[in-house]
Every structure is written in C-alpha cells, then in structure tokens.
A.B. asks: 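One structure coming up, written as structure tokens, with questions to follow.
In what follows, every heavy atom counts, from backbone to side chain, and hydrogens, waters and symmetry copies are set aside. Atoms within each ligand, like the ligands themselves, are counted from 1 in listed order. Remember, it's a predicted structure, so these values are computed and weren't measured experimentally.
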Amino acid sequence: MALKKTIDVQAAVAIAAAEAIAAKTQGTFGVGGLMLDQHGNVLQSLHNNVVKDGLIFDPTAHGERQLIDWYYAERAKGRDLPAPQDITIVTSLDPCCMCAGAILAGGFNVVVAAPDKSAGINYDNSASFTALPENLRAQAGDSFSYPAILGSSLYARASMGATPKSFFIGKTISEPTQALCSLVFEATSAEVMEKFNIDLPQKALKDPATLPAGHAIVRALKQQYPDALTYRCTPHQPDAGLAPFLRQAMARDREHGGAGDAVAVLDSFGNLLLCMPGRMAQSGIRSAFMETTRAYAQLRYKLMNGATPAQQDEVRHYLGHPKDGTFVFAKGPDAGAVSFMNLGAYGSTIEGPLPLKNPAQFQYVLPTLPEAELAAICAALPPLYRNIIRIRPTQVADAALVGALSEVA
Ligand SMILES: [Zn+2]
C-alpha cells in the first residue's frame, strides 16, 4: 500500500472513519482503524470483518484485534516494525473488552474516537477503566487516549486518558468526523447483532452424531478436528472422558508457546466438535479460546457461504450457535490481559442473552482465581457483558475431569 503519514489525530481518525464506512457497506459492524508507527506513518488500515457475504465470518474480527494479529504476522515474516510501545492504534470506536485486552496484552497505544456505552472499555466516559481488573487500569490510563472533540454538540468532549504520542501535532477530532464514527456504528449495530440471533432455538437442533460418516458436515468437522464426534457426554456436563482431548491440546499449546491452555466446544447434545490449543508463539493474542471460537465460526461460514438455502438450513440445524452448547476451558480465567481478552471474545461470540436453560455455557476445569474474584471481574464488565449476556464462568462439576487435568497442569 502507498505510504501515508499523518501527524494530526483528526487526519488519522478520518482514515478510521473511511474504513468504518467500508465496513458498513460490507454489512458488518461499522468500525475501522489503523496502525501508526512512531513517526505517524500508516502501517496498515482495515475494518471490522465479523460479517462477510451476509454470514457471521469471525466474531473476533474487530479492527483492533486484526491490526494486532497483522502486526505479529509481519514481525514473524521478519519485517522490522517498532516495538508495541511505539505503535499507536487509532480506532473509530472505543475498544470492546476483547480488543482492550489484546491492546493491553501487547502493550500498544490507542487513540479512540466514538464512545460505546454498551461494550466499550470506557463505557462510563470517565477514563477510570473500572471495567478492567485493577492490575490493568494504570496501564490503560497510560496508553488509551480519548482526544478532545471541539464544539458544543452532543459529540463534544474534553480530552481524557493518556496524551496521544508526541508525533501528533494536532491532538483534537473535528465534530463532524466524530459524529460520522458514532453514526456509522449506530447504523449497523442492531442489524449485525440480529445476525447472531437468527440461529435456530435449541429444540429445533439436530444431532450431528446421527449423520452418515460421509456427510459434508461430518467431513468438514473431521477436517477441522479429526477427533470431532468421538466423545459425547450428558449435555453441558463434561466428564473425565474429555480429559485426553484437552490434555493433547494443552501439550500442543505449550509447543506453540502458550502456558498449556486448551478450549473444547461441545454442542447441545454433548458431542465434542472441536478442541484446540492456542498459537501464542505466532501472536501474543492467539489464545486457545480465540483460535477455538474463530475455528467454529469459520467452519459454519465455509459450509454456508455459496450454499443453497436448503444446505444453509441444514448447517444451521446440525451446527447450532455455540450459546446452546458448552465451551470448556482447560484453565479458568486469571486477572491478566489475555484472560480479559478471552472474556471479551466470549462476549463477542455470544452477542446476546445466554439461554436461561443453559446457565453453565462457559466452564473451566482448573481454576486460576478464587470463584469470588472471578465473579467480581465479570460483575465489573461493561453493560453488554454484565447485564445482557451475563457472562458467568463456572468450574466443571466432574471431579474426575478436574483430577485428570491436575496431574498434567
Ligand atoms: Zn473489539
């Protein structure tokens, strides 16, 4: 891409706004962003890609998250990029919990245009970051900038948070650009969230274990994860039979530079569909949960994209929205940035109220924090996660499963 340089916050936010418009045209969340080096050179700009071709493509494909993975991928190819503390991400919308966690995990700086009262890390507009675990708040205060919006309309604000990096000469955003960032997001938000809720209710779902071995859905599952459909438990009650699958993925997670985490997806019938490690050596934000939720969404996307309406309908019957199944984490969340990113990515995966019949959708085997501390982290999350989705990780009930993983942890 042509090298562009921007030394005014306003010019950078205008690029983010143009990306947000492109996102709206694609039919996804109207959010865009860019990454700048320490001189104001634009390294990359892109937009949200949660929805492609009218289908959920990747619930984690927010602008900031993609920019960070792009950064690590370029570094892995040998490109000489500045350290994260010299990089500034400019985003049209306040980072959600997933993106805030990813930014903090990497140590990047961020300049934010529009607020997001539902899912933004600065949802209360105070720049106090009480939505973050206490140990991450000071870092956010030092690296998250909310430049002043001049004027007297409802978009006006005083500057908040960190001062944007010194290469920025102009440090304010114009009212019309800020309004554009807000309005493009607002124009798309409800429509995209609706896409997460067109999936069939649990009682309409069909059991993929009843399909013949050569069926396209079974083949796609096995291609993604060869052990798919080889384990089954009472719905939502993983037992010791899941341990070998988690242990194998935990070992691979360590080989890939992680701390031995793994995440399994069980469907609402109790079938094992996927169990994946992270790829932390490739990118400090490719955790086991990020890899797993993305793989499951893309499996559905690949089967549905370009398929006939009847085929799409069949995929929806056999591969339900994960909210009706169970995510089983080998390790429970801690108070760090990667765990916070995972909690946010979990919210971005569910995107609506968890079914009342499935209160233990998010389970973990080995606790990292005492249950009360974990509950306090969840209770402090922005309103979308706390009041609408009601994220509540719980430990698996089966002591034998806990015992089987304790041996290797
Ligand atoms: Zn985000």
Side-chain angles (χ1 to χ4, degrees), residues 13 16-17 19-20 22-24 26 28-35 44-52 56-72 84 87-123 129 131-132 136 140 143-146 161 181-182 184-186 188-193 195-196 283-287 289-291 293-294 297 337-352 381-386 388-389 391:
V13 171
E19 289 284 356
K24 183 185 184 303
Q26 181 174 306
T28 188
F29 288 117
V31 186
L34 57 154
M35 192 173 251
Q44 178 65 288
S45 70
L46 47 73
H47 60 69
N48 184 288
N49 275 302
V50 169
V51 174
K52 267 188 192 174
I56 301 292
F57 171 69
D58 174 359
T60 73
H62 293 192
E64 309 94 296
R65 198 283 295 160
Q66 295 177 91
L67 284 166
I68 294 170
D69 269 324
W70 173 85
Y71 170 88
Y72 286 120
I87 297 272
T88 299
I89 293 168
V90 180
T91 177
S92 67
L93 188 74
D94 194 26
C96 71
C97 291
M98 170 180 73
C99 293
I103 292 163
L104 292 165
F108 297 91
N109 305 285
V110 63
V111 167
V112 180
D116 179 354
K117 285 180 186 162
S118 177
I121 199 65
N122 186 31
Y123 73 94
F129 304 109
L132 286 166
L136 296 173
S143 53
F144 284 48
S145 306
Y146 297 82
C181 291
S182 277
V184 173
F185 175 65
E186 285 163 19
T188 56
S189 174
E191 184 192 334
V192 177
M193 284 183 84
K195 288 230 186 298
F196 283 85
S283 161
I285 61 168
R286 289 185 69 174
S287 66
F289 181 70
M290 297 291 270
E291 294 293 299
T293 191
R294 186 178 307 147
V338 169
S339 276
F340 194 77
M341 171 187 75
N342 287 338
L343 287 173
Y346 177 79
S348 296
T349 299
I350 304 296
E351 277 291 0
L381 293 172
L384 169 71
Y385 309 91
R386 168 194 348 133
I388 297 175
I389 302 171
I391 295 179

A.B. asks: Does F108 reach the side chain of S143, with side-chain heavy atoms less than 4.5 Å apart?
C.D. replies: no
A.B. asks: Where do F144 and P95 come nearest, in terms of heavy atoms and distance?
C.D. replies: CE2-CG, 4.1 Å
A.B. asks: Not counting sequence neighbours, list each pair that qualifies as a side chain to side chain donor-acceptor pair (under 3.5 Å) and has a residue in residues 89-116.
C.D. replies: D94-Y146
A.B. asks: Is there side-chain contact between L343 and F289, with at least one heavy-atom pair below 4.5 Å?
C.D. replies: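 No, side chains not in contact.
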A.B. asks: At distances under 2.8 Å, what protein N, O or S atoms surround the Zn ion (ligand 1)?
C.D. replies: H62 ND1, C96 SG, C99 SG
A.B. asks: Mind checking what makes side-chain hydrogen bond (donor to acceptor under 3.5 Å, both in side chains) contact with S287, not counting sequence neighbours?
C.D. replies: N342
A.B. asks: State which residues pass side-chain contact (heavy atoms from CB on, under 4.5 Å) with S339; sequence neighbours excluded, sorted by chain then number.
C.D. replies: P333, D334
